[in-house]
Amino acid sequence: MQKIGDIQKMHTTLEEGNATYQLPIGNEMVAMNELVGQEISLTFNGTISCSNCGVATKKSYSQGYCYPCCRDLARCDLCIMKPETCHHHLGTCREPLWGLDNCFAPHIIYLANSSGIKVGITRKGNIPSRWIDQGAIAALPILEVDTRLKSGQLEMALKDFVADKTNWRKMLKNEVEEADLVAMKNQLLPKVSNLMMDLDAVELDNEVIKINYPVVEYPGKITSLNFDKTPEISGILRGIKGQYLLLDTGVLNIRKFSSYNITLAY
């Protein structure tokens with residue numbers, strides 16, 4: 001069977017503790033969990049279309065946009081990666097209405113274990129997809145605030161005591177040890193108690209979310225696959241973790257190639 005169209009990052013859900021994946025390709029969704037264990041091929045057809053305006057672009061910026069959209073859209077601004085730099089209150093947001101909808105909404109500060117314990121933030125509505133996208137095997141929401149800026153300020157304070165990055169190679173090789181997220185939360189929150197009070201942060205219950213991934217075999221060695229260097233990629237799909245397809249020929253970061261026109265054969 002073949003599916004042809006522009007791809008976007010895989011849609012994820014958590015069903016009874018198991019991560020499920022659907023790949024948007026053109027106007028269709030492909031249930032990727034069902035393909036684990038099968039031979040698949042993905043071929044880049046040579047065109048990239050901006051996911052916002054649809055114009056053809058030779059290069060994808062900010063995971064799927066043309067350069068003008070990347071320059072003009074608030075969702076591509078630096079403050080998306082560094083929420084503590086939110087400047088909406090200064091009147092300089094690229095899209096003030098978009099900012100109101102997306103940045104002035106409940107945000108969660110969480111601990112996750114993807115390659116070791118890390119701190120992160122996400123909009124409340126992005127749970128649990130955010131953790132699946134990061135390949136976390138467990139996650140614990142610890143605080144809730146009412147704006148993205150406040151979540152970034154708390155994350156920055158907590159980064160002094162815990163990592164905020166994932167070692168993606170360890171995550172893909174499943175070199176992850178079990179960790180006590182509740183114990184770490186209890187160690188961390190007293191260190192930022194004054195800031196929590198200033199920002200009206202609400203402490204959340206100790207509900208740890210466990211996540212299993214559709215993987216039959218993790219790679220022993222990480223070889224990155226890239227459509228820009230190798231337009232035709234094929235192999236047996238050994239599993240899916242984060243936004244990566246784990247093939248017996250290497251690993252492919254689907255999110256990196258958002259808006260690429262692909263032929264998927266299986």
Side-chain angles (χ1 to χ4, degrees), residues 9 11-14 62-63 73-168 171 179-211 242-243 255:
K9 79 162 197 165
H11 291 195
T12 59
T13 55
L14 189 63
S62 292
Q63 298 172 351
L73 293 174
R75 71 204 71 173
C76 299
D77 202 351
L78 178 65
C79 53
I80 295 302
M81 296 299 295
K82 297 184 176 182
E84 71 277 6
T85 64
C86 174
H87 47 94
H88 191 283
H89 60 289
L90 300 177
T92 53
C93 182
R94 296 176 181 181
E95 298 176 279
L97 293 179
W98 185 92
L100 284 175
D101 287 340
N102 290 273
C103 301
F104 289 81
H107 277 66
I108 300 296
I109 300 94
Y110 63 84
L111 297 175
N113 185 11
S114 48
S115 60
I117 298 180
K118 70 177 288 291
V119 64
I121 67 105
T122 189
R123 274 186 296 165
K124 191 173 183 178
N126 286 342
I127 292 174
S129 292
R130 175 65 170 168
W131 305 327
I132 298 173
D133 286 351
Q134 293 181 336
I137 62 170
L140 173 67
I142 59 174
L143 296 170
E144 181 175 335
V145 290
D146 58 0
T147 71
R148 185 173 180 82
L149 174 59
K150 290 180 181 180
S151 70
Q153 291 170 331
L154 280 161
E155 182 185 35
M156 283 295 291
L158 290 166
K159 280 165 57 175
D160 288 340
F161 311 104
V162 65
D164 69 325
K165 297 288 190 300
T166 295
N167 182 323
W168 65 277
M171 180 271 289
D180 190 334
L181 298 180
V182 174
M184 178 60 77
K185 169 193 170 181
N186 292 335
Q187 291 179 35
L188 291 173
L189 292 192
K191 300 177 186 298
V192 295
S193 57
N194 289 339
L195 183 59
M196 288 168 55
M197 189 177 303
D198 291 343
L199 299 181
D200 296 320
V202 176
E203 182 177 345
L204 301 174
D205 294 336
N206 295 331
E207 184 180 354
V208 177
I209 308 300
K210 299 289 185 71
I211 304 171
Q243 280 288 322
R255 188 169 194 162

(message) What verdict does the side chain to side chain contact (heavy atoms under 4.5 Å, CB included) test give for K118 and Y110, after you've listed the backbone C-alpha separation in whole Å, the side-chain angles of each residue and the deciding distance to 0.1 Å?
(response) CA-CA 8 Å; K118 70 177 288 291; Y110 63 84; 3.8 Å; yes

(message) Any heavy-atom pair between the side chains of W168 and S114 that's under 4.5 Å?
(response) no

(request) For the residue pair L195 and L199, establish whether any side-chain heavy-atom pair is separated by less than 4.5 Å. (result) yes

(request) Could you grab the distance from atom CG of D77 to atom SG of C86, nearest 0.5 Å is fine? (result) 9.0 Å

(request) Compute whether any side-chain donor of one residue and acceptor of the other, for S129 and T12, lie under 3.5 angstrom apart. (result) yes

(request) Identify the two heavy atoms, one from A157 and one from V192, that lie closest to each other, and give their separation to 0.1 Å. (result) CB-CG1, 3.7 Å

(request) Decide side chain to side chain contact (heavy atoms under 4.5 Å, CB included) for K210 and V208; before the verdict, give the C-alpha distance in whole Å, the side-chain angles of both, and the deciding distance to 0.1 Å. (result) CA-CA 6 Å; K210 299 289 185 71; V208 177; 4.0 Å; yes

(request) Search all heavy atoms of L154 against all heavy atoms of A201 and return the closest pair with its distance. (result) CD1-CB, 4.0 Å

(request) Please identify each residue that fulfils side-chain contact (heavy atoms from CB on, under 4.5 Å) with E203, with sequence neighbours left out. (result) L143, K185, L189

(message) Show, in sequence, the C-alpha distance, side-chain angles and deciding distance for R75 and E95, and conclude whether the side chain to side chain contact (heavy atoms under 4.5 Å, CB included) test is met.
(response) CA-CA 9 Å; R75 71 204 71 173; E95 298 176 279; 3.7 Å; yes

(message) Would you say that K191 contacts L158 through its side chain, given a criterion of any heavy-atom pair below 4.5 Å between the two side chains?
(response) no

(message) Nearest 0.5 Å, please: how far is CD1 in I137 from OG in S115?
(response) 10.0 Å

(request) Classify the side-chain pair N102/R123 by whether it contains a donor and acceptor separated by less than 3.5 Å. (result) yes

(message) For a 4.5 angstrom cut-off between non-hydrogen side-chain atoms, does E207 reach I209?
(response) yes

(request) Search all heavy atoms of T122 against all heavy atoms of N126 and return the closest pair with its distance. (result) OG1-CB, 3.1 Å

(request) Count the heavy atoms belonging to other residues, nucleotides or ligands that lie under 6.0 Å from NZ of K159, then report whether that count exceeds 12. (result) yes

(request) For the residue pair E144 and K124, establish whether any side-chain heavy-atom pair is separated by less than 4.5 Å. (result) yes

(request) List the atom of G116, the atom of N113, and the distance in Å for their closest heavy-atom pair. (result) N-OD1, 3.0 Å

(request) Would you check if R148 and H88 make a side-chain contact, meaning some heavy-atom pair closer than 4.5 Å? (result) no

(message) Run the side chain to side chain contact (heavy atoms under 4.5 Å, CB included) test on I108 and L204 for me, step by step, so that the C-alpha distance in whole Å, both residues' side-chain angles and the decisive distance to 0.1 Å come before the verdict.
(response) CA-CA 9 Å; I108 300 296; L204 301 174; 3.9 Å; yes

(message) Donor-acceptor check, side chain of T92 to backbone of H87, threshold 3.5 angstrom: yes or no?
(response) yes

(request) Might you confirm whether atom CG of L97 has over 12 heavy atoms from other residues, nucleotides or ligands at distances under 6.0 Å? (result) no

(message) So, taking the atom named NZ in K9 and the one named CD in Q243, what distance separates them when rounded to the nearest 0.5 Å?
(response) 5.5 Å

(message) Are there over 12 heavy-atom neighbours, none belonging to D160, within less than 6.0 Å of that residue's CG?
(response) yes

(request) Would you indicate whether the side-chain heavy atoms of I121 and R130 approach each other to under 4.5 Å? (result) no

(message) Please find the pair of heavy atoms, one from L181 and one from L111, that lie closest to each other, and give the distance.
(response) O-CD1, 3.6 Å

(message) Using side-chain heavy atoms (C-beta onward) and a distance below 4.5 Å, is I132 in contact with I211?
(response) yes

